[in-house]
2 protein chains.
Amino acid sequence: MSTSIHQVAERAGVSIATVSRAFNTPDAVHSDTRERIAQVARALRYAPNRSASTLRSRRSRTIGVVLPTLLNPVFAECFEGIAQASCEAGYAIVPYTTEYDLERERRAIAWLRERSVEGVVLTVANAANSPLLAEITRAKLPYVLLYNRHQERPCVSVDQTAAVQESVTYLHDLGHTRIAMATGSLDTSDRAQQRYDGYAQGMRALGLTPLAAAEQPFMHANTDALNALLLQAKRPTALICSNDLLAVRALRTARTMEIDVPRELSIVGFDGIALGAELTPSLTSISQPNAEIGRSGVELLLAGRTPKPRDSITLAHALRLGETVAARTSQSSA
Amino acid sequence: MSTSIHQVAERAGVSIATVSRAFNTPDAVHSDTRERIAQVARALRYAPNRSASTLRSRRSRTIGVVLPTLLNPVFAECFEGIAQASCEAGYAIVPYTTEYDLERERRAIAWLRERSVEGVVLTVANAANSPLLAEITRAKLPYVLLYNRHQERPCVSVDQTAAVQESVTYLHDLGHTRIAMATGSLDTSDRAQQRYDGYAQGMRALGLTPLAAAEQPFMHANTDALNALLLQAKRPTALICSNDLLAVRALRTARTMEIDVPRELSIVGFDGIALGAELTPSLTSISQPNAEIGRSGVELLLAGRTPKPRDSITLAHALRLGETVAARTSQSSA
DNA sequence: CTGTTAGCGCGTTCAC
DNA sequence: GTGAACGCGCTAACAG
């Protein structure tokens, strides 16, 4: 079946130890020998058996990846960054999606432990009270949070609060004052909370009163809260959405209510998914370097010592301009 | 560190062999003993070491997943189906994305062999000449193709040719006769070819002359071919796109050229990505059960014997009606 | 620089 | 129904 180290050793006229060294610590073996082993290995299509290697060395060269879903392009983009970085480092991935389900999040830990992952990169609903995160900490498993921002945890993220605050200012500069925010469930998502905080702070800094968030609890949510918001007599002229999928839905809701975007309503998303730029109108969005977030998380995890809170990385965000935002006009205030 | 089978055996007052049996062949051990072992294992948070298990039993309980990219929601949706089915079967996944790059496709095989996957589910650019597929066949590794359709390979797919043909008829029924098709690179994608074949056959069946495909070679393609198509004096009144991402781009191109969709141009996509239904206008698309394709592929792979061509599964497609298609009107022929 | 040796944790005979 | 012993393929010591 699969060729083993013995056959390579025999054909190359060396011991198995030398073959092992040729692969793992190439510098520790004579270049001629190394070359000969490489040739034999190629001829025999030898691939080292990771299970044996892991068993012996106690290094699985595998990391766990726990993400809410891959159906949201944000995480798909991030996953690609993770996969690329892991691959380059010779690490395999054990993926797990929680589907925003706490029970699944809880089950993840056993799954990861069984596969003896060396570390985990993950995004949880709420870093402050995640059962999965608690278990990971308990097991002293190295980890890096992606997207979540928490003082006492190692994280890779953008400064979401500042980002949203800046977008409020941007809209204000365009003449908007009735600015609202739509979010997912604030209770369950720390990111939604931090983004809303940015909105509230931004509004107050401009002397405006922040409105309550239009919450849309589920993934395939009803848009009741948003409908109510837009049905008001003096409805907002600008809407910030805590993620791009919500923004796409808001776009649709506006159309349904015959509200023209951006003439009557400006919309800003959050995430910067690639598809947003392809839409018509193209989505204005606070963009995060999603692949880079994944990549940095892996690099931090594999950097050597266990990542500490002070190793946290804040990457740059940017407001990606699109066609869903316009300066406020008289029409805006219908 | 991690608890081993020995500690469980000791605490339960049995030998490691019995503990092993309690997990792998529960029927072969007395129920009392089994129960006691289960309790101890839970108390000790024992999780069997997969590497050791794999090494000894030569069963990795791991399958390889090779997909072009996860940035296209089609594959993300499919991946979720794969992940779910594998998880339920107790199988882990080794994911690998080729990014439509032949060199990466070639490298995949070593990656998979190292992890000693028991089988592979994969989508290749062209099943007829894929180096990866050749290697997998050579290594006698069980596999199932997803989306690709090929007589001599085990596949899970929809009947793409019939599907597109039906959509041609559908458009014709709405009064369209100048129907065109936009595709990715026909040379490299067997799916694009089969979908185009469906278009051509559909046209001929209606006594119409199929137009050459408007090819857009790269992932982030220029839309030159499409522009040219739509700039013609007697431009098409309906456009079928070989995937939804192309359709989204077509929507944008039309808008740029001030062609109203669907009044002046009807657009039909292919894939049925969830996001399509959320767009404005919502995308009419030939939808495939993407998660189901992934799930079925895994189930077929793990069904027991090595999947054979005659095990191939054709799943049902459906035309998902949206707002990008309208009956032909006098305005259509500008 | 290279070879010898001893397990890593588990599944699997074969006895009992 | 259960236990003892072997070895899967490899890496980590140590010797040379």
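By convention in this document, chain letters (A, B, ...) are assigned in the order of the sequence lines, proteins followed by strands, and residues within each chain are numbered from 1.
A donor and an acceptor atom, one from each side chain of A:N290 and A:Y147, are located under 3.5 Å apart.
Across residues 39-54 of chain B, B:Y46, B:P48, B:N49, B:A52, B:S53 each have a non-hydrogen atom less than 4.0 Å from an atom of DNA chain C (numbered order).
A cation-pi geometry, defined here as NZ or CZ lying under 6.0 Å from the six-membered ring centre and within 45° of its normal, holds between A:R104 and A:Y96. Geometrically, A:R107 does not engage A:W111 in a cation-pi contact, judged by NZ or CZ lying under 6.0 Å from the ring centre and within 45° of the ring axis.
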Please enumerate all protein N or O atoms sitting under 3.5 Å from an N or O of nucleotides 3-7 of chain C, with distances to 0.1 Å.
from: C:dG3; atom 1: OP2; to: A:S15; atom 2: N; distance (Å): 2.9
from: C:dG3; atom 1: OP2; to: A:S15; atom 2: OG; distance (Å): 3.1
from: C:dG3; atom 1: OP2; to: A:T18; atom 2: OG1; distance (Å): 2.6
from: C:dG3; atom 1: N7; to: A:R21; atom 2: NH2; distance (Å): 2.8
from: C:dG3; atom 1: O6; to: A:R21; atom 2: NH1; distance (Å): 3.1
from: C:dG7; atom 1: N2; to: A:R56; atom 2: NH1; distance (Å): 3.2
from: C:dG7; atom 1: N3; to: A:R56; atom 2: NH1; distance (Å): 3.2

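Scanning for ring pair (Phe, Tyr, Trp, His ring centres under 6.0 Å) contacts around A:Y91 gives an empty result, with sequence neighbours left out.
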Review item, side-chain donor-acceptor pairs of residues 29-38 of chain A, under 3.5 Å, at least two apart:
from: A:R34; atom 1: NE; to: A:P26; atom 2: O; distance (Å): 3.2
from: A:R34; atom 1: NH2; to: A:V29; atom 2: O; distance (Å): 3.4
from: A:R36; atom 1: NH1; to: A:A12; atom 2: O; distance (Å): 2.4

For residues 296-316 of chain A, which side-chain donor-acceptor pairs fall under 3.5 Å, sequence neighbours excluded?
from: A:S296; atom 1: OG; to: A:E292; atom 2: O; distance (Å): 2.9
from: A:S296; atom 1: OG; to: A:E292; atom 2: OE2; distance (Å): 3.3
from: A:E299; atom 1: OE2; to: A:R295; atom 2: NH1; distance (Å): 3.3
from: A:R305; atom 1: NH2; to: A:D311; atom 2: OD1; distance (Å): 3.2
from: A:K308; atom 1: NZ; to: A:T306; atom 2: O; distance (Å): 3.1
from: A:D311; atom 1: OD2; to: A:K308; atom 2: N; distance (Å): 2.7
from: A:S312; atom 1: OG; to: A:R153; atom 2: O; distance (Å): 3.1
from: A:S312; atom 1: OG; to: A:C155; atom 2: N; distance (Å): 2.8
from: A:S312; atom 1: OG; to: A:P309; atom 2: O; distance (Å): 2.8
from: A:T314; atom 1: OG1; to: A:R149; atom 2: NH1; distance (Å): 3.3

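With hydrogens and angles ignored, the 3.5 Å screen pairs a side-chain donor or acceptor of B:T62 with a backbone N or O of B:S60. Formation of a donor-acceptor pair under 3.5 Å by the A:E99 side chain with backbone atoms of A:T69 is not found in this model.
Protein chain A contacts DNA chain D from D:dG9 to D:dA13, reading 5' to 3' and using non-hydrogen atoms of the protein with a distance under 4.0 Å.
In this structure, B:H30 and A:S4 both approach DNA chain D, and ranking their closest nucleotides by distance from the 5' end singles out B:H30.
B:E118 and B:R59 are joined by a salt bridge, as a carboxylate oxygen and a charged side-chain nitrogen come within less than 4.0 angstrom of each other.
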Decide yes or no on side-chain contact (heavy atoms from CB on, under 4.5 Å) for B:I63 and B:V94, but give the supporting numbers first.
-> CA-CA 6 Å; B:I63 61 177; B:V94 174; over 6 Å; no
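Using a 4.0 Å cut-off, no side-chain N or O of B:S57 falls inside it from OP1 or OP2 of C:dG11.
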